[in-house]
Protein chains: 2
Amino acid sequence: MKEYTHPDLSDVTLSAAMQTLADPARVAILRAVIASDTGEIACNEIPLQLSKATVSHHFESLREAGLIQTRVVGTKCLSSLRREEFEARFPGLLDLVLGEKTGA
Amino acid sequence: MKEYTHPDLSDVTLSAAMQTLADPARVAILRAVIASDTGEIACNEIPLQLSKATVSHHFESLREAGLIQTRVVGTKCLSSLRREEFEARFPGLLDLVLGEKTGA
DNA sequence: TCGAATGTTTGATTTTTGTCGAACAATCTG
DNA sequence: CAGATTGTTCGACAAAAATCAAACATTCGA
């Protein structure tokens, strides 16, 4: 549908990353990505009671924070974690967030 | 001046902690606390161009996130890190934030 | 080619956050 | 006690963030 741009991790500030990860909805999205069979997930497969506009915005936030990358496949766009890159930039942060009990 | 309450770290959510640490001004306060000789610092000793009302609010945020503890000494109140407790609750998080280059 | 599926974008609204000045409260000191 | 010092609290306000519905764009499939 459109071309997505993915920032270089060196351009992502810790504050920005923290802010992005501070929202439970976005963490839920990350969990859903990980829980998927393929490691990729489409916007409409997210288990959240949010409008698709809102979900789209959250995906954009995650993209800008260097947490996910998105590719277009037909009419859908599949997002996956940029785990290694993010880990290299902010060691331990992602595991800390994902390891937490849901809802925390 | 007043009695401060400090939450049990088990009542602090990761989201709340992340949100608190996502603000550069609050991180700057934490750095100032650490850089102090005694490990304690008063509100008015913070190297920030912010009104005392704003600084007071930031201290409150840090307190509610379990990051600092504050005690009253005469007319001033001295705040110090709850480093071990916070570390036990969110391992690695504080070091991640403090290790980052200023301004990030 | 037409309709269905999938997201994005726009415009609007509501909430939350950061900020300040001014008034207030508590405590020390002279 | 009077004044100075140190913070807190109270409005107020602006900026940012989260949210939605509706309109739009793109692509797949029949």
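Throughout, a chain's letter reflects where its sequence line sits, starting with A, and its residues are numbered from 1.
The ring-ring contact (aromatic ring centres under 6.0 Å, His included) contacts involving residues 78-97 of chain A comprise A/F86-A/F90, where partners must be two or more places apart or lie in separate chains.
Positionally, the nearest nucleotide of DNA chain C for B/L50 lies more toward the 5' end than for the other of B/L50 and B/V73.
As judged by a 4.0 angstrom heavy-atom cut-off over every strand, B/E45 is placed among residues making no nucleic acid contact. Heavy atoms of A/A42 sit under 4.0 angstrom from primed sugar atoms or phosphate atoms, though from no base atom.
D/dA16 atom P lies 20 Å from atom CE of A/M18, rounded to whole Å. To the nearest angstrom, P of C/dT6 lies 6 Å from NZ of A/K76. Rounded to whole Å, the distance from CD on B/Q49 to P on C/dC20 is 10 Å. Here D/dA17 presents its C1' atom at 16 Å from CG of A/L21, a figure rounded to the nearest Å. Here C/dG7 presents its P atom at 14 Å from CG of A/L48, a figure rounded to the nearest Å.
Summarising the geometry, atom CD belonging to A/E40 is positioned 11.0 Å from atom CG belonging to A/L81; distances are rounded to the nearest 0.5 Å. Here CG of B/L30 is found 9.5 Å from CZ of B/R83. Values are rounded to the nearest 0.5 Å.
Distances from the side chain of B/R26 to the nucleotides D/dA18, C/dG7, C/dG18 place C/dG18 closest. When distances run from any side-chain atom of A/C43 to the nucleotides C/dT8, D/dC20, C/dT6, the shortest one goes to C/dT8.
Residue A/N44 has no polar side-chain atom (N or O) positioned under 4.0 Å from OP1 or OP2 of C/dA5. For A/Y4 and C/dT8, the shortest distance from a side-chain N or O to OP1 or OP2 is below 4.0 Å. Residue B/Q19 has a polar side-chain atom (N or O) positioned under 4.0 Å from OP1 or OP2 of C/dT17.
The stretch residues 51-65 of chain A comes close to DNA chain D through A/S51, A/A53, A/T54, A/H57, A/H58, each having a heavy atom under 4.0 Å from the strand.
When the side chain to side chain contact (heavy atoms under 4.5 Å, CB included) test is applied to B/S36, the partners found at least two apart in sequence or on another chain are B/T38.
Residues A/R89 and A/D11 are not paired through a salt bridge, judged by the lack of any N-O separation under 4.0 Å between the basic side chain and the carboxylate.
Follow the hydrophobic side-chain contacts under 4.5 Å out from B/I46 and you reach B/I68 in the same cluster. When hydrophobic clusters are built by joining Ile, Leu, Val, Met, Phe, Trp and Tyr residues whose side-chain heavy atoms come closer than 4.5 Å, directly or via intermediates, B/Y4 is not grouped with B/L78.
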